[in-house]
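All values reported here derive from a predicted model rather than from experimental measurement. Per chain, numbering begins at 1; letters A, B, ... match sequence-line order.
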Amino acid sequence: MNTQITKRQLFMVVINFVIFSSILMAPAITVVAAEQDGWISMLLALIIGLILNVLYLFLFKKYNYPSLFELMNRAAGKWLGTVMNILIVFYALHLAAMVVRNLSNFMVASVIPYSHPWTYQILIIVVVMYSAVLGVKNLFLLNDLLFPIVIFLTLISFILMMKEFSFLELKPVFHSGPSAIFQGAYATLGFPFIEALIIGSFFQYVKKKEKLMLTYLSGIAAGGLVLVITVFIIIADEGTYLVSRETFPTYSVIRDIDFITIFERIEILLAIAWMIGLFVKICVCFLVVMMGLKHLSGSKTYRPYLIPIGILIWAMSNHLHKTVMDFSNFVTTSWTMYWFALYCLVILVFLIGLIRNKQTSLQS
Amino acid sequence: MKHNKRKPKEKLIITGVWLFSIIYMLGYLYDQPVFPVTEGLKAVFEPIYYGMFGGP
């Protein structure tokens, strides 16, 4: 079956990927360092993320958007290319496990307390595996259907949050200083802006590749702006003292909203949007792992890897971090530099490939 | 239906992935430090963060 996706479908998946991993946690991560300037940190992270992705796409475009894994082999040779592919597969696997853990943390902490995290982990992994069985195109078609619902629910949540909005909580602006603002931006740079580079694995399936760079970067910019607005509204609603002490401040803000007695506990709207967005993100990571393993083994299909990778993601999601505090601390201190290391390696491989191509064409 | 035979490399990788997954899962269930990724990454990247910002 020839898998083809449109630029519009890619755009929507990129937006989902960027927004819905960070929308619940980003306000707390930025505010801890930058206080009321957390929204400026988010904006700074967006700008830096866009610059990094522009370079990534610019180099990717030089090769005319082949499969990311094939590109590693082509640019770096057989052995180094294989090492890079294993690294990309591992990063995608690690990200999938972290996102699954994030989902179960949220469900246990905020939605259904005293429930077992395994319930949500196993359920989401089974659904993701089923989506992967149906193929790459299935995810994009499904996202076509779910994206308007997700955006509508998020917009409703924003509108409801405006009830408690107060500019006073955002003042004084730029009070934290540039180093605090940069510290706030540091954590959210890796999560989600640098992580988005794994979406490059799907470029090969895009039907018409003209303006693909613009589509991808627009998705990141749109997702990033939604995050900036979210952080802005959350700080203005709750203030820095409460936001910095919550793990999921966005959810907490909406939980406190009630108007007209029939509208209560409407925070579940955002939880539904978040779960759908996380499902898309986990699917993207899972499919990248599948495609990577299929490429490494030279198989015609990735189906033999579905179950073992599903089991591995479940085990990793629990075993990587024993506690939520350890998880949050790792994301804040190590995640960005960890992904930046992969980004640097990928850019280096692209450059090596371009230099080799140039030398080959000069010799011939 | 004719089954396409798998190449030895393919079989090796499938077996390797299964083995790794099962060993990691057993390591988690019996609380054994199999492939301690987080500790390794923290050892490398946390000092960079503390060097840049002094702490979270």
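B:Tyr49 places none of its side-chain heavy atoms less than 4.5 Å from the side chain of A:Met337. In this structure the side chain of A:Trp335 never reaches within 4.5 angstrom of the side chain of B:Phe45, judged on heavy atoms. In this structure, the side chains of B:Asp31 and A:Lys322 come closer than 4.5 Å at one or more pairs of heavy atoms.
To the nearest 0.5 Å, atoms CZ (A:Phe330) and CD (B:Glu39) are separated by 9.5 Å. Of the inter-residue distances, the one linking B:Met25 atom CE with A:Asn318 atom CG reads 12.0 Å to the nearest 0.5 angstrom. Between the CD1 atom of A:Ile309 and the CZ atom of B:Phe20 there is a distance of 9.0 Å, given to the nearest 0.5 Å. The distance from the OG1 atom of B:Thr38 to the CZ atom of A:Phe327 is 10.5 Å, given to the nearest 0.5 Å. In this structure, CG in A:Leu320 is found 10.0 Å from CZ in B:Phe35, a value given to the nearest 0.5 Å. Considering NZ of B:Lys9 and OG of A:Ser299, their distance stands at 9.0 Å, rounded to 0.5 Å.
In this structure, the portions of B:Ile14 lying under 4.5 Å from any heavy atom of chain A include both its backbone and its side chain. Heavy atoms closer than 4.5 Å to chain B are found nowhere in A:Ala187, neither backbone nor side chain. Using a 4.5 Å cut-off between heavy atoms, A:Phe90 contacts chain B through its side chain alone, with no backbone atom that close. Proximity to chain A (any heavy atom under 4.5 Å) is restricted, for B:Leu29, to the side chain, taken from C-beta onward. The part of B:Lys7 that comes within reach of chain A is its side chain, from C-beta onward, which places non-hydrogen atoms under 4.5 angstrom from that chain.
By the 30° and 60° cut-offs, the orientation of the rings of B:Phe53 relative to A:Phe182 is tilted.
No more than 12 heavy atoms of other residues, nucleotides or ligands shown are found within 6.0 angstrom of CD1 on A:Ile307.
Between B:Glu10 and A:Tyr305, the shortest heavy-atom contact is O-OH, 4.2 Å. In plain terms, the two heavy atoms of A:Leu312 and B:Ser21 that are nearest each other are CB-OG, 3.7 Å.
Under a 3.5 Å cut-off, the side chain of B:Lys42 and the backbone N or O of A:Thr333 do not form any donor-acceptor pair.
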